[in-house]
Amino acid sequence: MTEAPPKVTLDLARDSGLTAEEYDRITSRLGREPTYAELGLFAALWSEHCAYKHSRAYLSRLPTEGPRVLQGPGENAGAIDIGDGWAVVFKIESHNHPSFIEPFQGAATGVGGILRDIFTMGARPIALLDSLRFGELDDPKTRRLVEGVVSGISWYGNCFGCPTVGGEVAFAPEYAGNPLVNVMCVGLVRADQIFRARAEGVGNPVFYVGNKTGRDGIHGATMASATFDESAAERRPTVQVGDPFTEKLLLEACLEAMKAGAVVGIQDMGAAGLACCTSEMPARAGTGMDVELSRVPQREVGMTPYEILLSESQERMLLVAGRGREDDVRRIFAKWELDAVEIGRVTAGGALTARLSGEVVAHVPVSLLADAPKYTKPTAPPGWLAERLAFDPLTLPEPPDYGEALLALCASPSIGSKEWVFRQYDQQVGINTLVLPGSDAAVLRVKGTPRALAVSTDGNGRHVFLDPRRGAAMAVCEAARNVSCSGATPVGVTDCMNFGSPERPEIRWQFAQAIDGIAEACRALEIPVVGGNVSFYNETSGQAILPTPIIGVVGVLEDAGRRATQWFKGAGHRVALLGLEHASLGGSEYLWRAHRRLGGRLAPLDLEAERKVQAAVRAAVSAGLVTAAHDCSEGGLAVALAEGCVTGREPVGLEAALDASGRGDHVLFGEGPSRVIVAVEPPRVREFEALMAESAIPWRWIGTTGGDRLVLRLGTKTIVDVALDRIERAWRSGFERHMA
């Protein structure tokens, strides 16, 4: 005999993650107490993870439209027209909480989820990027997290057959109790063949396709909407288990069914599983849905309606087919050895009706499920901010040896080579990858066209901690600048907003300011935001992470053969610094690594200057005038020059004269926006100078490549003179020596 479901009470609602006010709102709108299954629906769909209760009011400030935009926020992923009838589909998502609890499966299923978001749009995934944040590597627990997360990402992506081509990894103590695992996926689709997650057509059959349903992942959405404490490990059962081989079959089956014209709408069963799809798909279309839960393929015995609806088992989709195409759907999915079971119909009533063996267990208006509360509570800057900003890094002593200081910075795990990470990833499967991990942006060919895509992710939590608005704007600029340094024009942004608890006024203030900064930068650079993710409650025992908006940018390179990478290609090339020589040690990697201080003011940001610098770099690459282009970011100008020397196949030395008006550490290691170093072969110098004159940006020659040393001068004084083999050894071992 099936055990009766628990009686629904206010206490049970609170235990499910709902507040008393939210529960009152539910009972008032329903006119009755919800059933246990209905309570589960509301708890999941009104969770922060699904409903964006604390962020929706701010997200509306972002620019989401543009002449290339085919799909903006609100669908599985965004889509941008790239010409010749093709569209790029992309999105970034977080899997932070599951990855802290169970690093391997947490990260692996994060990859699986973002892949499904892309191919539910009808696109074939062609690239993954991972943006990771951890505590400091001298902690064995951090090293275990790094190993588990990287293994999970590589296992799922490699087995599925999608290359991981880029991303970044950074370390700070604020992430020790709550690492960030953000994964971006990029796919290609014909622009007129994009599918959407809409349950259209009253009477159309609803199919459950893919893997069977189990009890893994139940309450995953509510778990992701709560802070952690010492009992975090007890939540391991809420973490899903992935199967990349089944996902590959699911990809092929879904794309074949779409091509056959059998699919009307489709959505991934991600957060909140079946509950999410059966409510969101009809809500978008203004329809309803009637489903029979006993027909749902199950791999465990005796599952309750609550468990079937809320399971987050992986590799599953909900598909609305056209009437009369039922046999086509079954035949295609049987070919790929996957379940395809008709579990219901699209209805006209505007309600979700869920039954178990004919008995109604939930009957709720989908508009109510989709209409979660929207909070606009007071915000306030943190009390400690003024003191942090008042700190002047130049009151600290200069390093006794600038060469040794540069070596130490190159050996910082956040700056050093991440080859230990990306050599575990298949970077070439699909044979689209033109620029591998290790340059400013990855570049992927668009087969059948002369074009390529350039993709990059970026975000600096220390900058946003000190100045959320400017720091977030600078993250947009840097990700776009990375793409521009490859020669591509940035065309779209996706963002992953990682913050602490939104129930704290200072966190809400950080978030609101960051959104305004992203919006301001995107408008100035004319790059629309077409999707993304908000991840709140990233804190453990009251310690919040650094506020970390991760920005993913996709750019279009009209001629794939005209692309640039960051490393110097040979001796005798002139090296120029483009852009404003404004920098600051505030929030810099140097200030933290050398002095263990987080404070000071950020460098000024001139968005018009940023726009012009990026346009000038793209023009120079397009004209074939530069052999290398590299953004100046973490570690400042000195680290950018060192990376130009040692990150290529063969080290190339450099002698350069830098600005002599500032203190050495400020000039060498200060960080700021709108700066790019480029290398030009002697025969192209005149053409390059003419192009720079037309661009009307600040720039100057600073040096010439050659030799086996990096020599940097301030005026007539040589301040750095270091052999390249020492720099290369420091940079290559900076991260890996910890993992060895």
Side-chain angles (χ1 to χ4, degrees), residues 133 136 170-176 378-400 402 405 408-409 412 414 459-475 477-478 498-501 504-518 520-521 539 542-549 580-607 609 632-639 659 661-675:
R133 299 292 182 274
E136 299 208 280
F171 304 88
E174 291 84 358
Y175 302 112
T379 65
W384 43 257
L385 186 58
E387 182 181 354
R388 296 268 189 170
L389 293 177
F391 170 69
D392 181 2
L394 295 180
T395 60
L396 297 170
E398 294 186 62
Y402 276 100
L409 203 49
S412 162
S414 291
N460 190 313
R462 292 194 184 108
H463 288 174
V464 181
F465 178 80
L466 293 172
D467 189 334
R469 183 168 185 151
R470 190 182 305 176
M474 286 166 66
C477 291
E478 184 174 345
N498 305 277
F499 287 77
S501 170
R504 295 162 55 182
E506 68 273 20
I507 301 295
R508 290 196 297 273
W509 178 81
Q510 289 175 337
F511 182 83
Q513 289 285 303
I515 289 291
D516 287 343
I518 293 170
E520 187 178 10
E539 56 181 77
Q543 173 63 56
I545 61 163
L546 295 173
T548 312
L580 301 169
E581 295 193 50
H582 292 161
S584 171
L585 289 174
S588 66
E589 183 72 11
Y590 168 78
L591 185 61
W592 177 254
R593 292 297 162 190
H595 300 287
R596 309 298 284 184
R597 297 292 295 265
L598 174 52
R601 294 187 178 273
L602 304 185
L605 172 61
D606 182 334
L607 287 168
C632 297
S633 55
E634 286 84 2
L637 179 57
V639 165
D659 180 12
S661 62
R663 209 171 87 165
D665 49 359
H666 180 266
V667 174
L668 294 181
F669 309 129
E671 297 174 5
S674 316
R675 298 189 299 170

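- Residues F669 and L409 come closest through the heavy atom pair CD2-CD2, 3.6 Å.
- Partners of Y175 under the ring-ring contact (aromatic ring centres under 6.0 Å, His included) rule, at least two apart in sequence or in another chain, do not exist in this structure.
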Report the C-alpha separation of E136 and R596 in whole Å, then their side-chain angles, then the decisive distance to 0.1 Å, and conclude whether the salt bridge (Lys or Arg N to Asp or Glu O under 4.0 Å) test is met. CA-CA 12 Å; E136 299 208 280; R596 309 298 284 184; 2.5 Å; yes
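- In terms of heavy-atom proximity, L580 sits nearest to A609 at CD1-CB, 3.7 Å.
- Note that the CZ atom of R469 and the CG atom of L602 stand 14.0 Å from one another [nearest 0.5 Å].
- To the nearest 0.5 Å, atom NE2 of residue H666 and atom CG of residue L585 are 6.0 Å apart.
- No option in E520, M474, H582 other than M474 meets the side chain to side chain contact (heavy atoms under 4.5 Å, CB included) test with L605.
- The side-chain heavy atoms of F499 and I545, taken from C-beta on, include no pair separated by under 4.5 Å.
- Note that the SG atom of C632 and the CG atom of L637 stand 5.0 Å from one another [nearest 0.5 Å].
- Using modelled atom types and a 3.5 Å distance limit, the side chains of E478 and S633 yield a donor-acceptor pair.
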Output a table of donor-acceptor pairs, distance under 3.5 Å, between side-chain atoms of residues 378-394 and any protein atom two or more places apart or on a different chain; print 'none' if there are none.
unit_1	atom_1	unit_2	atom_2	d
R388	NH1	L598	O	2.8
D392	OD1	L394	N	3.0

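- Heavy atoms from other residues, nucleotides or ligands lying under 6.0 Å from CZ of R504 number more than 12.
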Please lay out, stage by stage, how N460 and L546 fare under the test side-chain contact (heavy atoms from CB on, under 4.5 Å). CA-CA 9 Å; N460 190 313; L546 295 173; over 6 Å; no
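- Residues satisfying the salt bridge (Lys or Arg N to Asp or Glu O under 4.0 Å) criterion with R133, sequence neighbours excluded, are E168.
- A salt bridge is absent between E174 and R462: the closest approach of a Lys/Arg side-chain nitrogen to an acidic carboxylate oxygen does not fall below 4.0 angstrom.
- Closest approach of G636 to R675, counting heavy atoms only: CA-NH2, 4.1 Å.
- The shortest side-chain heavy-atom distance between S674 and D606 does not fall under the 4.5 Å cut-off.
- Across C477 and L607, no two heavy atoms sit closer than the pair SG-CD2, 3.6 Å.
- In this structure, P399 and A405 approach most closely via the heavy-atom pair CB-CB, 3.9 Å.
- G600 approaches L466 most closely through the heavy-atom pair O-CD1, 3.4 Å.
- Side chain of D665 to main chain of E398: no donor-acceptor pair is present (N/O by atom type, distance under 3.5 Å, no hydrogens or angles).
- Of the possible polar contacts, none joining the S414 side chain to the S412 backbone as a donor-acceptor pair under 3.5 Å is found.
- Between the side chains of S584 and E671, not a single donor N or O lies within less than 3.5 Å of an accepting N or O.
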